[in-house]
K.L.:
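Please see the structure below; I have some questions.
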Amino acid sequence: MPKAFTIDLGATSAKCAFFDHEKVIKTFVFDTTNKTNLLENISKETFKVAAENNIDMEALDFVGIAVCGIVDNETGTVLYSTNLGWTNYPTRIELQKLFNNKNIVVLNDAKAATYGEWSASLNKEPESMALFTIGTGVGGGAIFNRKLVFGDNTGLPSEPGHGGGFQNVFQCSCGLLGCLDPVSSATGIERRLIEVASKSSGPLGEVYSRLKEDLHIIDVADLFKNGDKEVVDVFKENLEPLAKCISVLIHFFDLSMIVIGGGPSNLGEPFLDIIKEDLKKYVLPQFYDKIKITSSGLKDLVGAWGVYKYGVDHIINKK
């Protein structure tokens, strides 16, 4: 059975995991705020953790990485990552050198999350599904005919947070108009929460008086779950553009499942209910009544599982 090491590389941290016989045997988190020699520093920490836990690095069948950026799946090059400051970065080649392993998987983080959810959490049951990850931006991926979608043109699909004209309030940093990223991302939701909280005389205002501009979604989780109107209204306002985007996909591709991942999805059913209620306004009943909408079952390890399962299916099982 395959043994592997995976890295889910984000702007502030890397979630790392060792796999053996379809089980996670060790995890650790590496701070990525210092981007200098990032992969080299992660590799040094990996060998240290492996030695401390009697894990044989030479026995690994492959090493995988999920990256927050635009990835060329064929070459393993990260074409562009704003959060990491990478442009045309030869990720596969670097990892081959650092880990002395020729078998390297490089995926966009949203594609990895999609494959992880489909293959590990859902046991490859849906014929088709789309996953949206709500974080610094809005990422996503899709499974069609039981295959991860890479596209037939650029090979780069994973950017549902951009384009579409689903909102007309905020200009996106990418330069396009109407993007989801400035509104429906965790960053966008928090920006609106701070704006409302700064003028609030209620419970939300009390939270703001303590945290000021450092207010995050987790700080209002209890207020949200208890139905605080100001907090819930922010989520309703900011998630509506996302629901509009999802509605287009449902009508166009007749998907059987929509999965919502990322930190805000940890708020549970009340969070999903907002999206479901919005979809009632934008999706025909014939489609709405049959589609399943759920949150990610793998939570923080979804990217790690995605890279692992993709490596098993496309490296190990292809030998």
Side-chain angles (χ1 to χ4, degrees), residues 12 130-140 160-162 164-173 177-250 257-285 287-289 291-297 299-300:
T12 59
L131 178 139
F132 290 81
T133 57
I134 302 174
T136 306
V138 179
H162 296 292
F166 296 110
Q167 58 88 19
N168 59 8
V169 178
F170 293 101
Q171 172 76 49
C172 184
S173 59
L177 298 173
C179 298
L180 296 180
D181 265 18
V183 179
S184 297
S185 64
T187 306
I189 293 169
E190 288 175 348
R191 178 171 49 238
R192 181 58 177 155
L193 280 169
I194 290 170
E195 182 180 333
V196 173
S198 66
K199 303 172 185 177
S200 172
S201 58
L204 181 57
E206 293 176 12
V207 176
Y208 180 80
S209 67
R210 289 187 286 106
L211 300 173
K212 301 299 182 184
E213 302 296 309
D214 199 34
L215 186 152
H216 297 287
I217 289 172
I218 193 171
D219 301 311
V220 300
D222 288 340
L223 291 178
F224 176 82
K225 291 176 181 178
N226 290 329
D228 182 271
K229 188 176 186 307
E230 286 186 312
V231 174
V232 171
D233 283 351
V234 168
F235 278 86
K236 287 181 177 180
E237 174 187 336
N238 282 56
L239 290 174
E240 187 166 10
L242 174 62
K244 291 178 180 179
C245 177
I246 293 173
S247 73
V248 174
L249 290 181
I250 292 172
M257 181 178 291
I258 300 290
V259 180
I260 307 295
S265 68
N266 292 327
L267 293 171
E269 284 302 318
F271 180 82
L272 284 181
D273 286 344
I274 291 175
I275 297 174
K276 290 176 182 178
E277 285 300 311
D278 276 335
L279 286 174
K280 285 182 180 179
K281 297 185 292 185
Y282 300 113
V283 176
L284 291 169
F287 289 86
Y288 183 86
D289 291 343
I291 194 163
K292 183 176 181 180
I293 303 164
T294 185
S295 58
S296 171
K299 305 303 179 187
D300 287 345

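Residue indices begin at 1 and follow the sequence shown.
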K.L.:
Please report the interatomic distance CD(Q167) to CG(L177), rounded to the nearest 0.5 Å.
P.N.:
9.0 Å
K.L.:
Give a yes or no on whether the backbone of C172 and the side-chain of D181 come within a donor-acceptor separation of less than 3.5 Å.
P.N.:
no
K.L.:
Hey, is the main chain of I260 close enough, under 3.5 Å, to the side chain of S295 for a donor-acceptor pair?
P.N.:
no
K.L.:
For the atom pair CD1 (I258) and CD1 (I275), what is the distance rounded to the nearest 0.5 Å?
P.N.:
10.0 Å
K.L.:
Between E190 and I217 (side chain of the first, backbone of the second, donor and acceptor by atom type, cut-off under 3.5 Å), is there such a pair?
P.N.:
yes
K.L.:
Could you go step by step and tell me if K236 and D233 meet the side-chain contact (heavy atoms from CB on, under 4.5 Å) rule?
P.N.:
CA-CA 5 Å; K236 287 181 177 180; D233 283 351; 4.2 Å; yes
K.L.:
Using side-chain contact (heavy atoms from CB on, under 4.5 Å) as the criterion, list what pairs up with S184, not counting sequence neighbours.
P.N.:
V138, L180, P241, L242
K.L.:
Determine, step by step, whether L239 and I189 satisfy the side-chain contact (heavy atoms from CB on, under 4.5 Å) criterion, reporting the C-alpha distance in whole Å, the side-chain angles of both residues, the deciding distance to 0.1 Å, and the verdict.
P.N.:
CA-CA 8 Å; L239 290 174; I189 293 169; 4.2 Å; yes
K.L.:
Donor-acceptor pair, distance only, cut-off 3.5 Å: does the side chain of Y288 make one with the backbone of K276?
P.N.:
yes
K.L.:
K225: which residues meet the side-chain contact (heavy atoms from CB on, under 4.5 Å) condition with it, sequence neighbours left out?
P.N.:
L267
K.L.:
Could you check whether R192 makes a cation-pi contact with F170, meaning its NZ or CZ is under 6.0 Å from the centre of the six-membered ring and within 45° of the ring axis?
P.N.:
no
K.L.:
So, does S200 use its side chain to make a donor-acceptor pair with the main chain of A197 at under 3.5 Å?
P.N.:
no
K.L.:
For L211, does the CG atom sit with more than 12 other heavy atoms under 6.0 Å from it, leaving out its own atoms?
P.N.:
yes
K.L.:
For a quick test of reading the model, state the closest non-hydrogen atom pair linking G161 to C179 and the distance between them.
P.N.:
O-CB, 3.2 Å
K.L.:
Given I274 and F224, is the side-chain contact (heavy atoms from CB on, under 4.5 Å) satisfied, shown in steps?
P.N.:
CA-CA 11 Å; I274 291 175; F224 176 82; 3.7 Å; yes
K.L.:
Given V183 and V169, is the side-chain contact (heavy atoms from CB on, under 4.5 Å) satisfied, shown in steps?
P.N.:
CA-CA 9 Å; V183 179; V169 178; 5.5 Å; no
K.L.:
Taking the inter-plane angle between the rings of F271 and F235 on a 0 to 90° scale, is it parallel (under 30°), tilted (30 to 60°) or perpendicular (over 60°)?
P.N.:
perpendicular
K.L.:
Would you find a donor on one side and an acceptor on the other, under 3.5 Å apart, between the side chain of D228 and the backbone of E230?
P.N.:
yes
